[in-house]
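Below: one structure, written as structure tokens.
Remember, it's a predicted structure, so these values are computed and weren't measured experimentally. One-based numbering along the sequence shown. Note: hydrogens, waters and symmetry copies are ignored here, and every other heavy atom, side chains too, is used. Start at 1 and go down the list; that is how both ligands and their atoms are numbered.
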Amino acid sequence: MKLVFERSSPGRRNDFIPALDVEKAELPEELVRKQPLRLPEISQVDMSRHYTELADNSFGVNNGFYPLGSCTMKYNPKINDEMSGLPNFAQIHPFQPIGTAQGSMEVYYTAEKLLTEITGMDAMTFQPAAGAQGELTGVMLIKAYHENNGDFKRNKIIVPDSAHGTNPATASMVNFETINIPSKPNGRVDLEKLKEAVGEDTAGVMLTNPSTVGLFEHDIIEITEIIHDAGGLCYYDGANLNAIMGTVRPGDMGFDVVHLNIHKTFSTPHGGGGPGAGPIGCKEFLKPYLPNYQVIKVGDRYEFEMPEKSIGHVKTFYGHFAVVVRALTYILTLGKEGIPQASKTAVLNANYMRHELKDVFDMAYEGPCMHEFVMTLDTLKKETGVTALDVSKALLDNGMHPPTMYFPDVVKEALMIEPTETESRETLDKVVDVFKKIHQQAYEDAEVIKNAPVNTLIGRVDETTAARNPILTYEF
Ligand SMILES: *Cc1c(COP(=O)(O)O)cnc(C)c1O
């Protein structure tokens, strides 16, 4: 399709601004633009068609099944968008006098109360813009805590190999050395290896639970005890909270800090780079280190407070407010019964699909799984030449988004499927049939799968060139 600039024709316009009826102010010469602004000149209907065409060529949860593992691409109730679009929320300004922003401050205050309840924590900041930045903030708290205790020798963070890639990256960003510990064949943390790894230089552990292979750690209490006994702190990557919310709480498992991806679990549409929010919750003893500011209630008035030993700002102002409004709306509409129900249904849906597929595809780990499961297509590749990538492309021809591929990298030819709670049994059955059909076709006529997709606007692309040599500018 054409770029909007290629649709441009000199003199076409879609907005009519009335002639100036006040005296024209002269700008200083050096501020005057030397060239006219290069905007596309296009009529309103052609512009509307341009964006409609773009939308038609995009794929989202409103188009079909979107089982991207480790991402929780659930359907997000429209009421959340309606609430965040209310004029008093949408038009709020960070420099507004706080007397005129009490309602928005109440949103932060209430969201903190509910999310600390759900996670078993004592306080929360909403400043981080995403999960990865939440991790950074959380590990900065851990560092600030040790340094405040004069404990400068603690310079190592332990990260199991089933962690999300952002965990070791975060530890490095905060200048910690990462100690990687391998998992047992059943995908869980090896306690013996963990015991060998801890010592006087342990700053803490970063643990993803359920892990990126979709499994709940069996020995979670022992893990946090081993770390605490060594004097370290425990960080919980809560990106997979969609599997456990309302049932178990990181705080009760012994964790000191947790981040949430509220654009995953708490219902903000995501993809394409955000905006999201990665609030972190912490236990009371870490509260003094939280980024500024915190919303507190004094009498019946909300105020901002700077935590006493704050690590400072991690983002301008107060974070992505609209995302927090959506999360709060989601929690309040689901309520105390709906929150665990959503998680249980997510886990049920994943186990249902896993069960229906396990006789045809090899599963990477023994079940049951949590909200997602990982298949390994290694046998399929050896027997037919069809890879996980080929299967993903064939799924596109069947009107669905592929699962996460080649992740986690400890599994060969991995496909990681997260159906989420918002899919019906009919949809899951249809998807299972598609997977089985593709599997059968791989044995009967592998070329068909290797040439997929054929029903999409663009066929098989050269992914290496697309990633290494992207053309991101338009030459006039
Ligand atoms: C998505 C994810 C992250 C990173 O979160 P972003 O919001 O994408 O920065 C971290 N850990 C896990 C387990 C995740 O799934």
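In summary, K393 and D397 do not engage in a salt bridge, as defined by a charged side-chain N under 4.0 Å from a carboxylate O. Using a 4.0 Å cut-off between charged nitrogen and carboxylate oxygen, K283 and D122 do not count as a salt-bridge pair. Using a 4.0 Å cut-off between a side-chain N of Lys or Arg and a carboxylate O of Asp or Glu, D190 and R188 do not qualify as a salt bridge.
For the 3.5 Å distance criterion, the side chains of N62 and Y75 fail to qualify, holding no donor opposite an acceptor.
Checking F126, F304, Y109 one by one against Y318, the ring pair (Phe, Tyr, Trp, His ring centres under 6.0 Å) holds for a single residue, F304.
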Mind listing the N or O contacts between ligand 1 and protein, cut-off under 3.5 Å?
| from | atom 1 | to | atom 2 | distance (Å) |
| --- | --- | --- | --- | --- |
| ligand 1 | 5 (O) | N261 | ND2 | 2.8 |
| ligand 1 | 7 (O) | G131 | N | 2.7 |
| ligand 1 | 7 (O) | N261 | ND2 | 3.0 |
| ligand 1 | 7 (O) | H263 | NE2 | 2.7 |
| ligand 1 | 9 (O) | G131 | N | 3.3 |
| ligand 1 | 9 (O) | A132 | N | 2.8 |
| ligand 1 | 11 (N) | H164 | ND1 | 3.4 |
| ligand 1 | 11 (N) | D237 | OD1 | 3.2 |
| ligand 1 | 11 (N) | D237 | OD2 | 2.6 |
| ligand 1 | 15 (O) | S70 | O | 3.0 |
| ligand 1 | 15 (O) | S70 | OG | 2.8 |
| ligand 1 | 15 (O) | K264 | NZ | 2.7 |

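More than 12 heavy atoms of other shown residues, nucleotides or ligands fall within 6.0 angstrom of atom CG in L3.
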